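Labels below follow one simple rule: chain letters A, B, ... track the order of the sequence lines, proteins then strands, and each chain is numbered from 1. Source: prediction; values computed, not measured. Values below: every heavy atom of this structure, side chains too, minus hydrogens, waters and symmetry copies.
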Protein chains: 2
Amino acid sequence: MSSMSTTAAVPTTRMASDERRALVLEAATGVFGQRGYAGTTTDQVATAAGVSQPYVVRMFGTKEKLFLAVLHRALDVLMAAFRRSLAEKSAIPVHDRLGLAYADLLTDRGLLLSLMHGFVLGSDPEIGKTAREGFLEVYNFLKVDVGMTPAEASDFLAHGMMLNTLVGLRMTDDYDTNPDARELLETAMPTKLGLLRGPTNSEGA
Amino acid sequence: MSSMSTTAAVPTTRMASDERRALVLEAATGVFGQRGYAGTTTDQVATAAGVSQPYVVRMFGTKEKLFLAVLHRALDVLMAAFRRSLAEKSAIPVHDRLGLAYADLLTDRGLLLSLMHGFVLGSDPEIGKTAREGFLEVYNFLKVDVGMTPAEASDFLAHGMMLNTLVGLRMTDDYDTNPDARELLETAMPTKLGLLRGPTNSEGA
DNA sequence: TAGATAAGTAATCATTCGATTACAACACTG
DNA sequence: CAGTGTTGTAATCGAATGATTACTTATCTA
C-alpha cells in the first residue's frame, strides 16, 4: 500500500527523464495540434501526459520552448518518413510514395496540425523562424534529394497544405452528412481517406 | 493598456455605430490574422481600432463572436471578389482571373490569414462550423458558378492554401536573404509577388 | 545502508484578459 | 432648451494561466 495523499491512481513508478520527455512531447503535439499554440495551456498538456503542470514547465523552461520542441520533433518525424519512403524500392513512382507517406502522418492527429499552426504564426520571432526553416527544409529535400523541379515541389507542398487544412477543418466530420464535404475529401485525398475516419473523432475542442 | 494620459486625444466626434463596427472589424481582421484567435486580445483589437476595450467587447458580445464576425466578413469579401472577377469579360482564362483576384486579397494582410486561422480550428464547435461552411461555399462556387470539375476546384484550393501558408510564414521576409525562399516564392506566386513585398513588413508579432 | 541525486508534486503567486458596471457627453427630437 | 437614446470610456472584477518555490520520495551508488 503506502499510497498516501488525496489523489488516487498513484503509479509510484518512476521513469527516465528521456522517456518522460518524449511522452510529454507526444501529448503536447496532440493538444497543440488541436487548439493551436496560444489556445493550449500547459495544464492541458500536463493532463494529457499524465504529469503535473509544473513538471511540464520545468522540463521545457517555457511554454514557447515546449512548442518549439514540438515543431522540431514534428519536422524530424516528417523528414524521417520521407527519407524512408524515398529509400524504398517500389514500382510506385516516388512522388506517389511520398504522398502516401505524408498521408500516413495525417493519422498522427496533432503532428501535421501542430506544424500548420506554426506555419501561420510567422510573425512570432521564434516560432516564425523555426517554421520557415522547417518549411524550406522540406522544400529543399523535395528538390535536392527527390529531384523535383521547383514547380513540382511547390505543387507537392500545395497539396500537402490542402490536406492539412482539410484535417484542421475536421472536414471528415461532415463526410457522412454533407455530399460536398464527401466529394471534396474523396477528390483531395483519394487514398488514405479511411485512415482519417473512425479514430479521427472524439474530443470536442 | 491602450491609451495614455487621462483625458488625452479627445476626438470629440461621434460615429455612426455601423461605421464604427466596420472599422473595428477591419482592425480585428488585421490582428487576428497576425496572431490567431487565442493569441489575440480584445485590447489589441481595441487599440488597433482606436477605441476602448470594453467597447469592442460590448459591440460584439464576446471575443468569439467578434472572431466569427471577422470570418464571415472575410468570406463575404472573398466571394465578392471572386464573383466580380468571374463576371469580368477578359481574354484571360477564368481560372487565371480568379487566381489573380485571390492574390490581390493577399495584400489585405489579415483577411486570408484570419480565414486560415479559422480553418485550423475545426475542433472548436462554433469556429469549426463557420470555417467548414465557408470553405465548402468557396468549393461550391468554383464548381457550380465557375464550372470547375471537383479535381480542378480541389487543385485551385490547394494552391490557395499554399499561398496562405507562405504569407502566414512571412516567407517574403526572407526573399532577399534566402535564395530558397526566393525561388519558392517566385515559383508559387509568379505574378503578384510585388504586392506582398514592401507594405508587407512592420509589426513584430 | 547512508546519502546523494534525480523524478515528481502540492501550493501558491503575479499577470493577463475577457467581461461587467457605472458613468460621461454628444446629438437628435419635440 | 428639456429630455432621451446612443456613443463611448474609466474603473474594476474574477477567473485562468504560466511560472516559481518548497517539499516529497524513488532510485542509484559508494
Checklist entry - Of the nucleotides dG18(C), dG8(C), dG18(D), which one has an atom closest to the side chain of T41(A)? => result dG18(D)
Item to check | N or O in side chain of S52(B) less than 4.0 angstrom from dG8(D) OP1/OP2 | outcome: no
Checklist entry - Have R170(A) and S123(B) got a donor and an acceptor in their side chains that come within less than 3.5 Å? => result yes
Side-chain donor-acceptor contacts of residues 64-81 of chain B below 3.5 Å, not counting sequence neighbours, with atom names and distances?
{"from": "R73(B)", "atom 1": "NH1", "to": "T29(B)", "atom 2": "OG1", "distance (Å)": "3.1"}

Next on the checklist: Looking at R20(B), I'd like to know whether one of its side-chain N or O atoms comes within less than 4.0 Å of OP1 or OP2 on dT7(D).
Outcome noted: no
Next on the checklist: Strictly distance-based, threshold 3.5 Å: is any side-chain N or O of R132(A) a donor or acceptor partner for the main-chain N or O of M171(B)?
Outcome noted: no
Checklist entry - To the nearest angstrom, how far is M59(A) atom CE from dA6(C) atom C1'? => result 11 Å
Next on the checklist: Rounded to whole Å, how long is the line connecting atom CZ of F60(A) with atom P of dT20(D)?
Outcome noted: 16 Å
Checklist entry - Is T42(B) near enough to dG18(C) that one of its side-chain N or O atoms lies under 4.0 angstrom from OP1 or OP2? => result yes
Item to check | Under-4.0 Å side-chain N/O to phosphate OP1/OP2 contact, Y55(B) with dG8(D) | outcome: yes
Next on the checklist: Test of understanding: with ring pair (Phe, Tyr, Trp, His ring centres under 6.0 Å), list the residues that count as partners of F60(A), not counting sequence neighbours.
Outcome noted: none
Checklist outcome for this item: Side-chain atoms of S17(B) come closest, of dT20(D), dT7(D), dA19(C), to dT7(D)
Checklist entry - What's the CD-P distance between Q44(B) and dT16(C), to the nearest Å? => result 12 Å
Item to check | 5' precedence on DNA chain C between R58(A) and Q53(A) (nearest-nucleotide basis) | outcome: R58(A)
Checklist entry - Between K63(B) (NZ) and dA16(D) (P), how many Å, whole number? => result 15 Å
Checklist outcome for this item: Rounded to whole Å, CG of L66(A) lies from P of dT17(D) at a distance of 15 Å
Checklist outcome for this item: Among the nucleotides dT20(D), dT20(C), dG8(D), whichever has the atom closest to the side chain of P54(B) is dT20(C)
